[in-house]
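Ligands are counted one by one from 1 in listed order, and the atoms in each one are counted from 1 as well. Along the sequence shown, residues carry numbers from 1.
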Amino acid sequence: MVILRSLRILGIETSCDETAAAVVEGGSMVCSSVVASQAERHARFGGVVPEIASRLHVDVITDVIARALVEAGLDFPELDAVAATHGPGLAGALLVGVSAAKAIALAHGIPYIGVNHLEAHLYAAFLEEPDLVLPMVVLLASGGHTMIVHMIDHGRYVVLGRTVDDAAGECFDKVARFAGLGYPGGPAIDRLAIDGDPTSIRFPRPMLDEGYDFSFSGLKTAVINHVRNHPDDDLPDLCASVQEAIVDTLVIKLMRAAREVDAKAVVIGGGVAANTALRTRVLDEAARAGIRAFVPARWLCTDNAAMIASVAWWRLHSDGPTSLASGAYPNLRLPVVG
Ligand code: KG4
Ligand code: ZN
């Protein structure tokens with residue numbers, strides 16, 4: 001597999017509100033990574049508007065891909081393969097990236113690889129730490145998903161738990177929206193929480209003793225009720241307390257899972273993994289438990305195309321190219337074993 005090792009793959013990501021392209025060589029060497037965020041264009045609606053997202057992807061995708069190639073110092077003929085997120089995500093948004101990737105594959109006679117966005121978040125850590133040893137347990141927490149995954153080997157996953165209602169990122173976003181902090185809410189709460197007291201308001205930690213599943217909708221309601229009843233409460237205190245409840249729940253379950261499956265490492269991924277308190281807590285708790293923890297750089301936690309190109313390298317290696325007749329899969333799930 002000497003030839004495969006050095007493959008240069010162009011990755012494309014358009015599943016939600018980031019238009020991204022990146023070139024990754026050999027599965028882990030990032031030659032370039034460009035992310036054009038639409039967040040500002042959705043902010044006044046308090047969340048992502050699917051139709052606007054698709055149209056904005058169409059507007060910028062050619063330029064984002066061109067920038068990724070220039071940054072990598074390459075042109076299309078020097079690429080070995082092209083990959084795009086084909087699910088899960090917003091249907092119209094996914095189709096933009098998938099169609100662009102297929103067009104490039106056809107025009108340049110290179111393989112196309114359709115990538116699972118959730119699997120890509122699992123792999124983001126490998127871009128910084130290619131020698132991470134498996135099995136490991138990954139907390140994947142984003143705007144649409146919250147799950148604890150036992151990564152037994154490359155391509156072999158068991159989902160130990162997932163949210164039964166809202167995702168952790170969704171909880172951050174909805175609480176922030178209610179408190180008038182705009183979209184996306186996670187970064188805003190993260191910033192304000194720095195000046196707040198996390199013990200000032202005791203919010204519930206739902207399902208703490210019930211396996212590895214999560215539930216965040218009750219917490220969201222508790223926060224909204226609290227704000228209605230105490231409109232003059234200090235905002236940083238509120239943010240720090242909500243954040244503490246979310247982080248507590250995520251980290252307690254993550255560490256419990258790591259101990260139970262005897263994981264060699266714990267890793268976090270997805271946009272919520274950019275959260276300052278979560279990052280610190282995971283490192284502290286893992287050190288206390290004597291388990292290695294890996295917390296990827298923030299840009300690798302939020303949506304990007306380098307993680308898409310990285311997974312594509314592994315998938316091409318194990319499964320070969322994806323048919324150009326395949327489509328976009330808005331409800332795609334993580335492929336699991338057993
Ligand atoms: O992975 P991601 O970029 O997109 C999805 O695949 O959903 O995650 C976006 C989510 C949003 O809910 C956003 O509020 C949250 O990640 N997020 C954060 C932080 N940065 C992004 N949540 C808490 N603290 C942050 N610093
Ligand atoms: Zn994501």
Side-chain angles (χ1 to χ4, degrees), residues 11-20 22 33 35-40 42-43 46-48 50 53 84-90 93-94 97 115-125 138-147 149 162-163 166-179 181-194 196 198 216 219-220 239-240 242-251 268-282 295-308 310-311 330-334:
I12 298 172
E13 157 62 36
T14 62
S15 66
C16 191
D17 62 344
E18 260 94 32
T19 317
S33 177
V35 180
S37 176
Q38 309 173 352
E40 263 180 36
H42 297 283
V48 178
T85 302
H86 67 176
L90 304 169
L94 288 167
V115 168
N116 184 314
H117 183 86
L118 301 175
E119 194 174 15
H121 274 305
L122 294 183
Y123 270 82
V138 187
L139 167 68
L140 200 170
S142 69
H145 299 87
T146 302
M147 49 177 81
V149 181
R162 53 162 51 95
T163 182
D166 291 355
E170 202 177 345
C171 185
F172 272 112
D173 291 339
K174 286 179 176 167
V175 166
R177 185 176 173 180
F178 189 77
L181 298 175
Y183 171 86
I189 291 183
D190 190 345
R191 272 192 303 276
L192 278 166
I194 291 168
F216 289 108
L219 170 61
K220 174 193 67 191
C239 290
V242 180
Q243 181 176 271
E244 186 77 355
I246 297 174
V247 169
D248 259 1
T249 316
L250 294 174
V251 178
I268 56 175
V272 177
N275 182 266
T276 312
L278 176 64
R279 299 166 73 82
T280 311
R281 182 80 70 79
V282 166
V295 172
R298 282 186 163 86
W299 78 270
L300 283 170
C301 296
T302 48
D303 285 351
N304 65 87
M307 66 182 189
I308 306 303
S310 174
V311 174
N331 301 315
L332 191 66
R333 291 172 82 98
L334 195 65

Can you find an N or O of [X] that's nearer than 3.5 Å to an N or O of ligand 1?
X      : answer
Gly186 : yes
Gly271 : yes
Glu170 : no
Thr276 : no
Gly169 : yes

Ligand 1 versus His117: contacting region, heavy-atom distance under 4.0 Å: side chain
Side chain, backbone, both or neither: Asp190 near ligand 1, heavy atoms under 4.0 Å: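 The answer is the side chain.
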Test item: side-chain donor near acceptor, His86 and Asn116, under 3.5 Å: no
Donor-acceptor side-chain pairing of Ser33 and Asn304 below 3.5 angstrom: no
Numbered atoms and elements of ligand 1 in range of [X], under 4.0 angstrom, heavy atoms:
X      : answer
Ala274 : 20 (N), 26 (N)
Asp303 : 1 (O), 2 (P), 3 (O), 4 (O), 5 (C), 6 (O)
Phe172 : 22 (N), 23 (C)
Gly144 : 7 (O)
Thr302 : 3 (O)

Least distance between heavy atoms, Cys239 atom then Leu181 atom: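 It is SG-CD1, 3.9 Å.
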Glu244/Arg281 salt bridge by N-O under 4.0 Å criterion: yes
Candidate list Thr146, Val247, Leu278, test side chain to side chain contact (heavy atoms under 4.5 Å, CB included), partner Val272, passing option: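 Checked Thr146, Val247, Leu278 against Val272; only one passes side chain to side chain contact (heavy atoms under 4.5 Å, CB included): Leu278.
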Winner among Asp173, Ile189, Val247 once heavy atoms are compared against atom 14 (O) of ligand 1: Asp173
Minimum-distance atom from the Zn ion (ligand 2) among N, O or S atoms of Asp303: OD1
Ligand 1 contact by His121, heavy-atom criterion under 4.0 angstrom: yes
Sub-4.0 Å heavy-atom approach of Cys16 to ligand 1: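 Contact check Cys16 vs ligand 1: negative.
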Arg298, CZ atom: more than 12 neighbouring heavy atoms under 6.0 Å: yes
